2 protein chains.
Amino acid sequence: MPRTKKDVVTEFRTAEILQAACRVFAEQGFEQATMAEIARVAGVAKGTLYLYYPSKQDMYWAALGRSLLELAAATRLQVESASTAEQKVHAFIATKLRYFEEHRDFFRIYYSEVGRALCRHGRAARQFDDLYLEQVKVLDQALQHAVRRKAIRPIRTDAAAFALLDLTRSLVTQRLRGLSRASLDEDIEFAFDLAWKGIGHR
Amino acid sequence: MPRTKKDVVTEFRTAEILQAACRVFAEQGFEQATMAEIARVAGVAKGTLYLYYPSKQDMYWAALGRSLLELAAATRLQVESASTAEQKVHAFIATKLRYFEEHRDFFRIYYSEVGRALCRHGRAARQFDDLYLEQVKVLDQALQHAVRRKAIRPIRTDAAAFALLDLTRSLVTQRLRGLSRASLDEDIEFAFDLAWKGIGHR
DNA sequence: CAGCACAATGACCAACGAGTCATTATATCG
DNA sequence: CGATATAATGACTCGTTGGTCATTGTGCTG
């Protein structure tokens with residue numbers, strides 16, 4: 001029998017704390033963020049945090065992981081359900097831009113995590129990396145297929161996939177920094193246009 | 001009268017320590033790097049570091065700034081001395097890829113610093129940001145000129161410049177992570193090809 | 001309402017690391 | 001060589017912060 005009352009409250013607190021953590025990690029980065037500050041933002045005492053998450057690291061990975069998996073799943077779904085190569089590339093870019101637009105705090109954490117990929121740090125980072133490379137692979141396979149079908153010119157699809165992921169991130173960054181005055185849809189079309197002409201449609 | 005003997009030794013020590021700092025900051029990131037570790041790598045005592053740099057921050061910015069200015073200057077020179085838009089874009093990409101290939105530790109620091117651009121942190125970061133945006137501007141102006149001359153199709157040159165900078169970074173990252181088995185020149189041509197077709201030659 | 005189980009609290013602790021400075025080593029020069 | 005100035009050292013200080021836990025608060029149940 002599920003103890004509904006208790007479970008609901010617990011779930012609520014857990015989410016509430018996670019949201020506060022998201023905010024603080026996004027603003028300060030992992031190292032600069034303090035548990036005291038997260039507690040303050042969440043409106044609870046420091047000790048309470050540890051009733052829901054065993055450590056700062058765990059909290060961080062909880063904040064990052066949830067959205068990361070959601071985004072990865074959405075991207076895979078959208079890309080794989082698109083029929084043509086053109087639509088797949090478009091779906092890849094559009095899904096990510098739209099998701100990040102709606103989850104800005106997540107993007108900041110994601111962005112700073114990417115920045116640390118070149119410094120080695122603990123096992124948990126590998127999990128992030130795996131998911132990151134998996135996203136490249138999704139796009140890579142779509143491109144490989146397109147090359148075989150001669151829908152695009154023959155290029156190094158893996159390198160192109162990696163580049164397109166970074167291109168997408170680039171546009172999101174511009175938006176977040178307030179450097180883009182265009183609408184979201186315009187930015188999506190811009191990125192897609194650049195990408196599609198770049199990899200060479202026929 | 002320049003006290004040559006003393007000055008030479010001082011200069012040598014300063015450089016030696018800076019190199020060690022570069023190594024450690026590249027491997028660990030700013031936060032994780034400790035002065036003790038830098039001292040160990042440099043082969044001096046911790047206190048000695050403070051005879052040459054007043055603080056960890058200062059040391060970090062010394063390590064980052066020197067190369068950053070050098071790269072910025074080289075890029076500006078190469079881009080401005082190229083005559084056609086095509087050559088300018090090529091020069092931009094090639095200069096950066098070549099420089100980063102030769103200064104991998106610098107790239108790692110640079111890369112992680114870019115990742116923190118979305119979290120606010122002290123005045124000094126603004127200096128980095130200014131230089132970063134200045135690089136975009138160099139490319140932007142070349143693209144604007146090209147658009148006016150109808151050498152490329154009319155696009156948002158600022159967004160394209162930003163994207164090309166990120167595309168370049170993407171290729172360097174792939175090389176550093178060992179994901180590219182191509183030669184440096186091949187990667188340069190690949191990036192240029194993608195970029196040039198993307199922005200649309202005529 | 002009394003008693004109880006458990007959630008919340010925040011003072012506290014221990015570890016860590018930036019930065020200091022009294023002491024020691026080294027180089028220069030008369 | 002001895003005196004003196006300067007460079008190098010590393011044990012130490014002190015503020016910070018992740019994590020703990022004895023105490024306090026809360027709500028449920030009989």
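Keep in mind that the numbers below use all heavy atoms, side chains included, and drop hydrogens, waters and symmetry copies. Just so we're clear, the structure is a prediction, and the values are computed from it rather than from any experiment. First the proteins, then the strands, lettered A, B, ... as listed; each starts at 1.
- When rounded to the nearest whole Å, the span between CZ of B/F25 and C1' of C/dA18 equals 12 Å.
- Atom C1' of nucleotide C/dA8 and atom CD1 of A/I17 are separated by 11 Å, given to the nearest angstrom.
- We find that A/E16 and A/R13 are joined by a salt bridge, their nearest charged nitrogen and carboxylate oxygen being less than 4.0 Å apart.
- For residues 101-110 of chain B, the set of pairs meeting the salt bridge (Lys or Arg N to Asp or Glu O under 4.0 Å) definition, not counting sequence neighbours, comprises B/E101-B/R104, B/E101-B/R175.
- Across all strands shown, B/Y52 has heavy atoms under 4.0 Å from sugar-phosphate atoms exclusively, and none from any base.
- A/S112 places a side-chain N or O within donor-acceptor distance of the main-chain N or O of A/I109, the cut-off being under 3.5 Å.
- Between B/R126 and B/D130 there is no salt bridge, since no side-chain N of the basic residue sits under 4.0 Å from a carboxylate O of the acidic one.
- Look at A/K137 and A/E134 and you find no salt bridge, because none of the NZ, NE, NH1 or NH2 atoms lies under 4.0 Å from a carboxylate O.
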For a side chain to side chain contact (heavy atoms under 4.5 Å, CB included) check, start with the C-alpha distance between A/E31 and B/Q32, then their side-chain angles and the critical distance, and finish with the verdict.
CA-CA 9 Å; A/E31 326 272 356; B/Q32 293 300 319; 2.8 Å; yes

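- The OH-C1' distance, from B/Y53 to C/dA18, rounds to 18 Å in whole Å.
- Taking atom CG of residue B/L49 and atom C1' of nucleotide D/dA7, one finds them 14 Å apart after rounding to whole Å.
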Can you give one letter per nucleotide of nucleotides 11-25 of chain D, 5' to 3': B if a protein heavy atom sits under 4.0 Å from the base, S if only from the sugar-phosphate, - if neither?
------SBBB-----

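- With C/dG10, D/dA7, C/dA7 as the candidates, the nucleotide lying closest to the side chain of A/A45 is C/dG10.
- A straight line from CD of B/Q28 to P of C/dA18 spans 11 Å, rounded to a whole angstrom.
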